[in-house]
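To start, the structure under review is shown below, and the notes come after it.
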Amino acid sequence: MIRTYIKDGFKKKGKVELKGWVHDIRDLSKIKFLILKDISGRIQCIVLPKESGEEIFKQVSKINRESVVRVVGELQDSKQAIGGKELLIKELEVISEAEQPLPIDVSDHSKTELPKRLDYRFLDLHRPKSQAIFKIESTMMQAYREFMIKEGGIEAVFPSIIGSSSEGGTELFPLKYFEKKAFLSQSCQLYKQMLACSMEKVFTIFCVWRAEKHNTVRHLNEARQLDYEECFADEFKVMDVLARCVQYIVKKIMDERGEELELLDVKLKVPDVKYMTFADCTKLMKKEKVHMGKDDLSTEAEKRLGELYPDTIVFVHDWPLAGKPFYIMPKGDGLSGGFDAIYNGVEISSGGQRVHIPDLLIKRLKEKGLNPKDFKGYIDSFRYGAPEHAGWGVGLERLMTQILGIANIREVTLFPRDRDRLGP
Ligand code: AMO
């Protein structure tokens with residue numbers, strides 16, 4: 001027999017084979033229920049001594065929760081069962097027994113705290129709520145690719161081992177690379193710029209490593225970014241691309257992940273877009289009596305922007321040059337072509353127009369205390385015909401938390417890496 005997914009079973013009649021995990025067993029002496037789950041859903045299976053056979057009737061009570069089983073049976077209509085169908089079991093095979101006791105509570109309303117759940121993430125992923133998060137994440141990545149391909153973007157892959165910093169001197173994880181000094185990539189910044197100067201519109205989903213020592217609910221030491229870079233573009237052009245991209249992602253999640261959103265109790269809305277300068281944001285925060293930050297937005301200011309403009313991507317642009325990395329284009333008056341995007345109270349992205357003029361780049365590197373010699377290949381790439389260009393990077397996990405309204409970034413990270421966690 002060919003295995004049927006539970007979801008498809010509801011549309012079928014007659015005999016089917018299902019494979020999955022035992023969610024629950026209910027023993028009512030004359031009738032027994034086995035609730036079976038797979039990635040597509042759940043179904044109630046019934047076991048009766050006569051119809052299923054005495055042996056199966058005895059065997060079913062001994063099966064531990066979360067064990068993997070194969071069942072063959074007849075689908076029949078049932079008024080009580082969820083989905084209006086149940087399976088009368090005729091064959092039962094335990095494929096893999098789950099040891100008892102389970103180290104974490106995998107019920108729908110699990111009481112196990114997040115750190116313990118993460119210690120047993122493989123088992124935590126038996127929970128439909130955890131599965132819902134990562135199904136949505138998968139749709140998010142698919143939507144991002146779809147959007148970018150429609151925009152005319154070219155997907156690229158970049159090195160994860162770098163010889164010099166790409167986001168400033170700090171926060172690097174050093175590693176031994178034969179006789180040379182090397183680091184884990186902080187971003188694909190320099191590579192995506194070099195590529196955009198010939199391939200015009202490029203995008204990638206890239207893993208970044210940041211040796212930030214603080215352990216917060218918004219930071220990971222290993223995170224993923226949705227990166228974009230476009231040539232013949234300034235920051236306003238790419239802010240528009242970013243706004244449409246996030247709107248596209250949210251719309252696709254709403255269209256395709258309704259069940260998962262309902263399970264997580266999330267009511268989504270395609271976000272609006274708002275633009276404001278850093279100076280106007282400073283004035284607004286003064287009025288709101290919220291601490292702002294001189295060259296950067298404080299956490300409180302981001303939070304207040306989320307409260308003032310819910311379900312809105314707020315672009316704060318004309319950012320002070322002092323608060324942006326060496327690769328961001330100066331605009332005069334201490335301002336830059338850099339921006340941040342705040343969504344529901346958290347920075348999800350930063351980006352801007354880049355410096356594509358070698359002499360200016362050397363000056364900016366020196367001003368930031370970096371040695372231009374370490375960036376020779378990057379600087380040289382702008383010497384032989386390099387147009388103006390701009391781009392951005394969105395934190396994949398941050399976008400997830402902000403779409404789903406989840407406070408801790410670890411909840412949306414399969415196997416998080418933070419100051420204390422290096423496994424599983
Ligand atoms: P930045 O460092 O601001 O910019 O990162 C871009 C976005 O990535 C997310 N992010 C993080 N998420 C979780 N944990 C972290 N430690 C972490 N660090 C960053 C945030 C942030 O907005 N190269 C530039 C982007 C560009 O200009 O194109 C960059 O990396 O959501």
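Whatever order the structure lists them in is the order used to number ligands and atoms, beginning at 1.
Residue-to-ligand polar distances keep G391 apart from ligand 1: every N/O pair is separated by 3.5 Å or more. Polar contact check, A223 against ligand 1: no nitrogen or oxygen pair lies under 3.5 Å apart. At under 3.5 Å, a nitrogen or oxygen of S349, whether backbone or side chain, sits near a nitrogen or oxygen of ligand 1. For ligand 1, one of its N or O atoms has an N or O atom of G395 under 3.5 Å away. Taking distance alone, with nitrogen or oxygen atoms compared against 3.5 Å, L220 approaches ligand 1 more closely than that limit. Here's the thing with E167: one of its N/O atoms is less than 3.5 angstrom from an N/O atom of ligand 1.
When only modelled atom types and interatomic distance are considered, E256 and T139 share no side-chain donor-acceptor pair under 3.5 Å. Side-chain polar atoms of K201 and Y228 form no donor-acceptor pair below 3.5 angstrom. Using modelled atom types, one finds no donor on one side chain facing an acceptor on the other under 3.5 Å when comparing Q353 with H389.
Aromatic ring centres of F183 and Y177 lie farther apart than the 6.0 Å criterion allows.
Among Q186, Q353, R210, H214, the residue whose heavy atom sits closest to atom 30 (O) of ligand 1 is R210. The nearest non-hydrogen atom to atom 11 (C) of ligand 1, considering only Q402, R398, E347, comes from R398.
Evaluation of the salt bridge (Lys or Arg N to Asp or Glu O under 4.0 Å) test over residues 174-197, restricted to residues two or more places apart or in two chains, returns K192-D227, K192-E229.
From the protein, the heavy atom lying nearest to atom 26 (C) of ligand 1 is Q189 OE1, 3.2 Å. For atom 31 (O) of ligand 1, the closest heavy atom belonging to the protein is I348 O, 2.9 Å. If you check which protein heavy atom lies closest to atom 4 (O) of ligand 1, you get S350 OG, 3.1 Å. Protein heavy atom in closest approach to atom 24 (C) of ligand 1: Y327 OH, 3.2 Å. For atom 27 (O) of ligand 1, the closest non-hydrogen atom on the protein side is R354 NH1, 2.9 Å.
Between V241 and E230 there is a side-chain heavy-atom pair separated by less than 4.5 Å.
Counting heavy atoms under 4.0 Å from ligand 1, residue Y228 does not touch it at all. Proximity of Q225 to ligand 1, defined as any heavy-atom pair under 4.0 Å, is confined to the side chain (atoms from C-beta onward). Contacts with ligand 1 closer than 4.0 Å are made by no heavy atom of E397, backbone or side chain. In H219, the parts holding a heavy atom less than 4.0 Å from any atom of ligand 1 are both the side chain and the backbone. Neither the backbone nor the side chain of Q193 has any atom closer than 4.0 Å to an atom of ligand 1 (non-hydrogen atoms only).
The number of heavy atoms from other shown groups lying within 6.0 Å of CD1 (I82) does not exceed 12. With a 6.0 Å radius and a threshold of 12 heavy atoms from other residues, nucleotides or ligands, H214 has its NE2 atom above the threshold.
The ligand atoms of ligand 1 that sit less than 4.0 angstrom from a heavy atom of R218 are 13 (C), 14 (N). Atoms of ligand 1 lying under 4.0 Å from any heavy atom of W392, numbered from 1 in the order shown and given with element: 26 (C), 28 (O).
Under a 4.0 Å N-O distance rule, the pair K303/E300 does not qualify as a salt bridge.
For the pair K192 and ligand 1, a heavy-atom separation below 4.0 Å is found.
Exactly one residue among D340, D296, D318 makes a salt bridge (Lys or Arg N to Asp or Glu O under 4.0 Å) with K324. That residue is D340.
Remark: R417 fails to qualify as a cation-pi partner of F415 under the 6.0 Å distance and 45° angle criteria applied to the six-membered ring. A cation-pi arrangement, defined by a distance under 6.0 Å to the six-membered ring centre and an angle within 45 degrees of its axis, is absent between K37 and W21.
T312 places no side-chain N or O within donor-acceptor distance of the main-chain N or O of V314, the cut-off being under 3.5 Å.
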